[in-house]
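My structure is below; once you've seen it, I'll send some questions.
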Amino acid sequence: MKPPRFEYHAPSTVDETCALLASLEDAKVLAGGQSLMPLLNFRLARPAHLVDINRIGGLDRIYERDRGVAVQALARQAAVEDSELVASVCPLLSAAVRLVAHRVIRNRGTVCGSIAHADPASELPAVLLALGGHVVARSKRGERKIEAGGLFAGVFETSIAPDELLVEAWFPKSPKPFAIFEESRRHGDFALAGVVRAGDTLALFGVAPTPVLADAKDPSRGLQPSSDLEATPEFRLHLVRALTLKAFAA
Amino acid sequence: MRINGFDHYPPQDARRLLSDYLRHDVGLTGTHVGCEHGVCGCCTILLNGAPVRSCLMLAVQAEGHEVTTIEGLAPDGEPLHAVQQAFHECHGLQCGFCTPGFVMSVVGLLAQHPHPTDEEIDEGIAGNLCRCTGYASIRRAVRRAAELSR
């Protein structure tokens with residue numbers, strides 16, 4: 001239950017970080033650490049290099065852009081939860097971030113980290129997908145925008161390249177009505193299944209390798225959720241249908 | 001880094017978790033280590049005044065920051081901190097293993113919500129596990145701590 005051996009890097013600028021990511025083999029970016037540190041402690045992840053971005057100044061802004069809200073890589077989930085700007089422009093994000101773990105975890109965890117980690121049962125990737133947002137990835141090669149629809153590639157997998165740093169996530173203004181519902185065995189746990197409604201768009205999480213868009217009239221069609229100690233596939237499908245009804249009742 | 005108002009030498013090894021650094025290198029064993037993956041809450045400390053898990057941080061990451069552990073709430077000879085006093089009065093602990101983490105989380109909770117509702121109390125302590133009390137006395141202790149802090 002101690003991290004494996006790694007080489008530690010603490011760059012102080014984004015350019016320095018991109019240079020490191022371009023030159024190092026098998027490097028992992030460490031932001032809030034609320035997912036990566038448990039993986040290291042369990043030794044489920046054994047990167048040769050850790051690139052800690054917490055020493056980079058001015059990368060924790062939450063600001064309005066293109067009629068939406070941009071959240072930079074080091075903006076903590078707690079800051080997003082408390083942000084009046086987020087509450088007014090994207091109240092769906094305010095509601096979703098409150099479902100992420102516990103406040104003590106959110107004090108350290110970042111929104112961009114949750115998205116880059118891409119846990120299939122995580123709320124924030126599904127919110128980004130439902131809203132049709134994007135992320136901005138920076139590397140020595142330049143900067144590119146990745147739409148949410150092309151970002152999530154598989155379980156814990158994204159289309160962000162190893163030499164790229166996710167510098168910002170952009171969430172469009174939330175349409176009305178919006179809702180996010182999930183079911184978990186214990187408060188703050190990852191959801192067995194969850195639904196996000198943004199206007200007429202529905203996204204599901206916890207029921208496929210990535211968050212997925214679905215038809216509100218038949219939300220469980222084509223899904224093959226996994227089975228584990230906490231829920232059977234049938235129960236997960238039932239939750240999807242029940243939570244979708246609840247989200248679209250408003 | 002500054003711990004409870006005193007400067008300490010930085011950790012020698014980047015692999016050192018903040019929780020282990022506090023316990024083994026600095027000798028502050030009040031911070032308890034339960035699960036080491038962020039679930040139990042026993043190792044909660046304050047980083048620049050906000051509660052965080054010390055098992056989910058590398059000690060090197062706390063360099064240049066202000067760390068407060070349970071020992072820093074009421075230095076030897078001083079009266080107990082309001083949250084500690086409330087846990088004492090309301091029997092908010094039995095075996096005591098989870099207590100330092102609960103106390104630090106509640107300090108953070110009351111900083112965020114000085115007059116917490118029952119819902120805010122439940123939300124605020126949900127990230128800490130206690131296997132003895134059944135939580136009823138801990139909820140009472142949080143309400144009492146809010147009173148004492150007024």
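Only a predicted model underlies this, so the values are computations on that prediction, with no experimental measurement involved. Proteins get letters first, then strands, A, B, ... in listed order; numbering begins at 1 in each.
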Legend entry - Nearest heavy-atom neighbours spanning B:Ala50 and A:Asn107: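 That closest heavy-atom pairing would be CB-ND2, 4.0 Å.
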Legend entry - A:Arg5 CZ: over 12 foreign heavy atoms closer than 6.0 Å: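 It does not: A:Arg5 CZ has 12 such atoms or fewer within range.
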Legend entry - Note, A:Gln34 side chain near B:His37 side chain (heavy atom, < 4.5 Å):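 Counting from C-beta outward, A:Gln34 and B:His37 never come under 4.5 Å.
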Inset, instruction - Please look at B:Glu63 and chain A and tell me whether the side chain, the backbone, both or neither of the residue comes under 4.5 angstrom of a heavy atom of that chain. - result: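 When you check distances to chain A, atoms from both the backbone and side chain of B:Glu63 fall under 4.5 Å.
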Legend entry - Student check: side-chain heavy atoms of B:Leu58 and A:Phe6 closer than 4.5 Å: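 They are in contact (side-chain heavy atoms under 4.5 Å apart), so the answer is yes.
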Legend entry - Partners meeting salt bridge (Lys or Arg N to Asp or Glu O under 4.0 Å) with A:Arg186 (sequence neighbours left out):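 With sequence neighbours excluded, A:Arg186 shows a salt bridge (Lys or Arg N to Asp or Glu O under 4.0 Å) to A:Asp189, A:Glu230, given in chain and number order.
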Legend entry - Under the salt bridge (Lys or Arg N to Asp or Glu O under 4.0 Å) test, residues paired with B:Glu147 that sit two or more places apart: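 B:Arg144.
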Legend entry - Residue B:Asn128 versus chain A: region with a heavy atom under 4.5 Å: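 When you check distances to chain A, no heavy atom of B:Asn128 falls under 4.5 Å.
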Inset, instruction - Answer yes or no: does atom NE2 of B:His91 have more than 12 heavy-atom neighbours from other residues, nucleotides or ligands under 6.0 Å? - result: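 Incorrect, the count does not exceed 12.
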Inset, instruction - Give the minimum heavy-atom separation between B:Val52 and A:Val104, together with the two atoms involved. - result: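 Heavy atoms only, the tightest pair is CA-CG1, 3.6 Å.
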Legend entry - Side chain to side chain, A:Met37 and B:Leu17, heavy atoms closer than 4.5 Å: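 They are in side-chain contact.
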Legend entry - Interchain contact, A:Leu50 with chain B, by part (heavy-atom threshold 4.5 Å):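 Just the side chain, heavy atoms under 4.5 Å.
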Legend entry - 4.5 Å side-chain heavy-atom contact, B:Met57 and A:Arg108: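 Of all side-chain heavy-atom pairs linking A:Arg108 with B:Met57, at least one is under 4.5 Å.
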Inset, instruction - Please step through side chain to side chain contact (heavy atoms under 4.5 Å, CB included) for the pair B:Arg53 and A:Ile105, ending with a clear verdict. - result: CA-CA 7 Å; B:Arg53 301 281 198 252; A:Ile105 300 293; 3.8 Å; yes
Inset, instruction - Tell me, for B:Val60 versus chain A, whether the close heavy atoms (under 4.5 Å) come from the side chain, the backbone, both or neither. - result: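 B:Val60 touches chain A through backbone and side-chain heavy atoms alike.
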Legend entry - Within 6.0 Å of NE2 in A:His187, more than 12 heavy atoms from elsewhere: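 Counting other residues, nucleotides and ligands, NE2 of A:His187 exceeds 12 neighbours.
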Inset, instruction - Taking all heavy atoms of B:Glu36 and all of A:Asn41, pick out the closest pair and write down the distance. - result: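 Heavy atoms only, the tightest pair is O-ND2, 2.9 Å.
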Inset, instruction - Name the option with the most non-hydrogen atom pairs under 4.5 Å to chain B; the candidates are A:Leu36, A:Asn54, A:Asp52. - result: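 Looking at each of A:Leu36, A:Asn54, A:Asp52 in turn, A:Asp52 comes out on top.
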Legend entry - Beyond-backbone contact of B:Gln112 with A:Asp82, side-chain heavy atoms, under 4.5 angstrom: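 A side-chain contact exists here, since the closest heavy-atom pair is under 4.5 Å.
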Legend entry - Contact class of A:Leu30 relative to chain B, heavy atoms under 4.5 angstrom: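 Side chain only.
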Legend entry - Portion of B:Leu47 that has a non-hydrogen atom of chain A nearer than 4.5 angstrom: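 Just its side chain gets close to chain A.
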Inset, instruction - Return yes if some donor-acceptor pair links the side-chain N/O of B:Arg15 with the main-chain N/O of A:Pro3 below 3.5 Å, else return no. - result: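 A pair under 3.5 Å: yes.
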Inset, instruction - Would you mind reporting whether B:Arg16 and A:Lys2 have side-chain heavy atoms less than 4.5 Å apart? - result: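 Of all side-chain heavy-atom pairs linking B:Arg16 with A:Lys2, none is under 4.5 Å.
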